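A quick write-up on the structure given underneath.
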2 protein chains.
Amino acid sequence: MEEEIVKLEEAREEFVAQWGIMGAQWGINRTMAQIHALLMTAPEVMSTDEVMETLAISRGNAHTNLKDLVSWGLIRIVTKKGERKEFFEAEKDVWEIFRRVARERKRREIDPALETLRNCKAASEDMKSAEGKAFHDQMGQLEDFVSFASKMGDRVASMQHGKAIKLAMKFFS
Amino acid sequence: MEEEIVKLEEAREEFVAQWGIMGAQWGINRTMAQIHALLMTAPEVMSTDEVMETLAISRGNAHTNLKDLVSWGLIRIVTKKGERKEFFEAEKDVWEIFRRVARERKRREIDPALETLRNCKAASEDMKSAEGKAFHDQMGQLEDFVSFASKMGDRVASMQHGKAIKLAMKFFS
DNA sequence: ATGAACTTTCAGTAAATACTGAAAATTGAT
DNA sequence: ATCAATTTTCAGTATTTACTGAAAGTTCAT
């Protein structure tokens with residue numbers, strides 16, 4: 001039965017490593033994604049020291065990324081009574097994870113981009129030249145698309161899991 | 001009327017810069033995103049030299065990123081008769097841009113991640129411990145979610161623009 | 001008020017990523 | 001076959017991003 005524990009740890013390590021790579025490809029720092037993966041598959045809450053030790057990273061690094069994960073709403077701080085230390089626990093529901101990431105990325109990245117697109121569109125509003133008109137038109141198309149996608153995201157993210165599943169079923173019919 | 005040209009160039013520069021920042025936030029290199037933005041708003045096809053000059057970057061950099069954009073299907077090579085140089089032209093249709101990015105990211109990033117999730121799930125298939133079962137279950141949930149999202153993406157990406165719009169309308173009703 | 005337990009910050013450093021520029025390779029016209 | 005135009009590659013370098021570790025700050029029990 002000891003064998004099972006080893007196998008589990010191996011599988012978990014593979015998952016943590018791959019989640020880190022995937023995070024990096026999507027513009028999230030590798031360590032943050034790894035900590036997230038670690039906590040998602042942790043049977044119990046973990047302290048900063050445990051995270052440090054498991055991933056072999058420094059206190060500063062662990063601390064910063066744990067706090068970033070908290071600010072993304074992907075993990076939460078838990079305190080045990082009688083203990084002064086903070087422990088961390090991940091949101092494990094995939095639908096909830098998706099919703100939180102979608103919300104944050106909208107707020108942090110999509111909205112500022114939309115702002116720029118609107119600026120560029122406005123700046124080229126009354127242009128007479130063919131180039132000016134084409135640019136204005138292109139900005140308009142991009143703005144429409146991005147704001148549409150963003151609204152879709154909002155809409156989906158604010159749904160209950162069950163509703164979303166139903167919708168998806170309809171979608172595939 | 002000269003004034004309009006200046007204003008247009010300013011707006012275009014703002015767009016190029018912001019698109020670069022956004023790209024970087026989504027794990028795409030800044031220069032690649034900037035070249036893409038530049039070509040999306042170019043009234044004419046551009047040569048490597050023109051791209052180099054406009055963005056003040058080296059030949060190697062311009063070359064590498066132009067070829068990467070071609071491999072993403074976001075720009076294409078155009079030749080002018082009587083000229084040996086290659087020119088580049090961007091796909092301008094936002095829906096088509098979205099489809100190509102979705103396809104490539106699936107192929108390059110989602111599919112490998114799914115592979116790992118399946119591995120981890122399989123590796124913990126017959127585990128008896130509570131930890132093993134919980135891990136297996138978590139991998140299963142993640143796999144279901146990712147593969148579902150990926151299928152949705154496929155489905156949407158393979159739609160015609162018009163169909164997608166209709167669907168979206170239904171969605172918002 | 002003191003001090004141990006713990007968290008936070010941050011200057012310095014390491015690692016990863018992106019870029020340059022020039023040399024090598026390729027292409028196509030003569 | 002030669003050569004000028006053009007594309008491609010890549011060793012070296014610069015820039016950006018991430019990490020370390022230790023010092024400073026905070027909190028809470030006594």
Side-chain angles (χ1 to χ4, degrees), chain A residues 16-39 45-72 74-89 108-109, chain B residues 16-39 45-72 74-89 108-109:
Chain A
V16 168
Q18 180 66 29
W19 205 248
I21 291 169
M22 200 184 169
Q25 285 167 335
W26 288 80
I28 285 152
N29 111 22
R30 195 197 314 291
T31 304
M32 182 168 148
Q34 287 181 343
I35 296 178
H36 183 224
L38 188 69
L39 286 170
V45 297
M46 292 180 82
S47 66
T48 303
D49 291 77
E50 286 166 334
V51 171
M52 283 167 64
E53 196 183 355
T54 314
L55 297 179
I57 59 177
S58 72
R59 181 172 306 284
N61 193 11
H63 174 79
T64 308
N65 284 296
L66 282 165
K67 287 299 145 108
D68 281 354
L69 280 164
V70 170
S71 88
W72 275 76
L74 293 174
I75 67 174
R76 58 184 148 270
I77 299 169
V78 177
T79 46
K80 292 186 184 179
K81 53 183 172 184
E83 293 240 35
R84 266 170 74 181
K85 247 196 285 250
E86 290 184 333
F87 295 84
F88 301 90
E89 173 182 71
R108 297 179 193 218
E109 294 143 20
Chain B
V16 168
Q18 181 65 29
W19 205 248
I21 291 168
M22 201 186 168
Q25 285 167 334
W26 288 80
I28 286 153
N29 111 22
R30 196 198 314 292
T31 304
M32 182 169 150
Q34 287 180 343
I35 296 178
H36 184 224
L38 188 68
L39 284 170
V45 297
M46 291 180 83
S47 67
T48 303
D49 292 76
E50 285 167 335
V51 170
M52 284 166 63
E53 196 184 354
T54 315
L55 296 179
I57 59 177
S58 72
R59 181 172 304 284
N61 194 11
H63 175 80
T64 308
N65 284 295
L66 282 164
K67 288 299 145 108
D68 281 354
L69 281 165
V70 170
S71 86
W72 276 77
L74 293 173
I75 66 174
R76 59 184 147 268
I77 298 170
V78 177
T79 46
K80 292 187 184 177
K81 54 183 170 183
E83 291 241 37
R84 267 170 73 182
K85 248 197 286 253
E86 290 184 332
F87 293 85
F88 301 90
E89 173 182 71
R108 298 179 192 217
E109 294 143 21

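Keep in mind that what you see is a predicted model, and the values were worked out from it rather than measured.
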Item checked: Side chain to side chain, A:Ile77 and A:Phe87, heavy atoms closer than 4.5 Å -> no
Margin query: Do B:Gln34 and B:Ile57 make a side-chain contact, defined as non-hydrogen atoms from C-beta onward lying under 4.5 Å apart?
Written below: no
Notebook entry, point to check: Of A:Ala56 and B:Asn61, whose closest DNA chain D nucleotide lies nearer the 5' terminus?
Noted result: B:Asn61
Notebook entry, point to check: Who passes side chain to side chain donor-acceptor pair (under 3.5 Å) against B:Arg59, sequence neighbours left out?
Noted result: B:Asp49
Collect all protein-nucleotide pairs involving nucleotides 23-29 of chain D in which both atoms are nitrogen or oxygen and the distance is under 3.5 Å.
unit_1: D:dT27; atom_1: O2; unit_2: A:Arg84; atom_2: NH2; d: 2.4

Checklist line | Closest approach of B:Ala62 to B:Thr48 (non-hydrogen atoms, all atoms of both residues) | finding: CB-CG2, 4.0 Å
Check: Looking only at atom types and distance, does a side-chain atom of A:Glu53 sit under 3.5 Å from a main-chain N or O of A:Glu50, one as donor and one as acceptor?
Finding: no
Note to self: The criterion is side chain to side chain donor-acceptor pair (under 3.5 Å); which residues satisfy it with B:Glu86, sequence neighbours excluded?
What the structure shows: B:Lys67
Check: Do A:Asn61 and A:Leu55 come close enough that some side-chain heavy atom pair is under 4.5 Å?
Finding: no
Under 3.5 Å donor-acceptor pairs involving side-chain atoms of residues 17-25 of chain A, not counting sequence neighbours:
unit_1: A:Trp19; atom_1: NE1; unit_2: A:His36; atom_2: ND1; d: 3.4

Notebook entry, point to check: Got a sec, which residues hit side-chain contact (heavy atoms from CB on, under 4.5 Å) with B:Asn29, two or more places apart in sequence or on another chain?
Noted result: B:Thr31, B:Met32, B:Asn65
Note to self: Let's see if you get this right: which residues in residues 21-32 of chain B place a heavy atom under 4.0 Å from DNA chain C?
What the structure shows: B:Asn29, B:Thr31
Notebook entry, point to check: Whole-Å distance between D:dT15 P and B:Ile57 CD1?
Noted result: 15 Å
Margin query: What is the separation between atom CG on A:Leu55 and atom P on D:dC19, rounded to the nearest whole Å?
Written below: 11 Å
Check: Reading DNA chain C 5' to 3', which nucleotide is the first, and which the last, to come under 4.0 Å of any heavy atom in chain B?
Finding: C:dA18 to C:dG28
Next item on the list: Answer whether the closest heavy-atom distance between the side chains of B:Leu39 and B:Leu66 falls below 4.5 Å.
Entry: yes
Checklist line | Pairing residues for A:Glu89 by the side chain to side chain donor-acceptor pair (under 3.5 Å) criterion, not counting sequence neighbours | finding: A:Arg76
Next item on the list: For DNA chain C, find the residues of residues 65-72 of chain B with a heavy-atom distance under 4.0 Å and give them by number; none if there aren't any.
Entry: B:Asn65
Check: Closer than 4.0 Å, any side-chain N/O of B:His63 to the OP1 or OP2 of D:dT8?
Finding: yes
Notebook entry, point to check: Closest approach of A:Lys85 and A:Ser47, non-hydrogen atoms and distance?
Noted result: CD-CB, 3.8 Å
Checklist line | Contacts of type side-chain contact (heavy atoms from CB on, under 4.5 Å), residue B:Arg108, not counting sequence neighbours | finding: B:Ser71, B:Trp72, B:Glu104
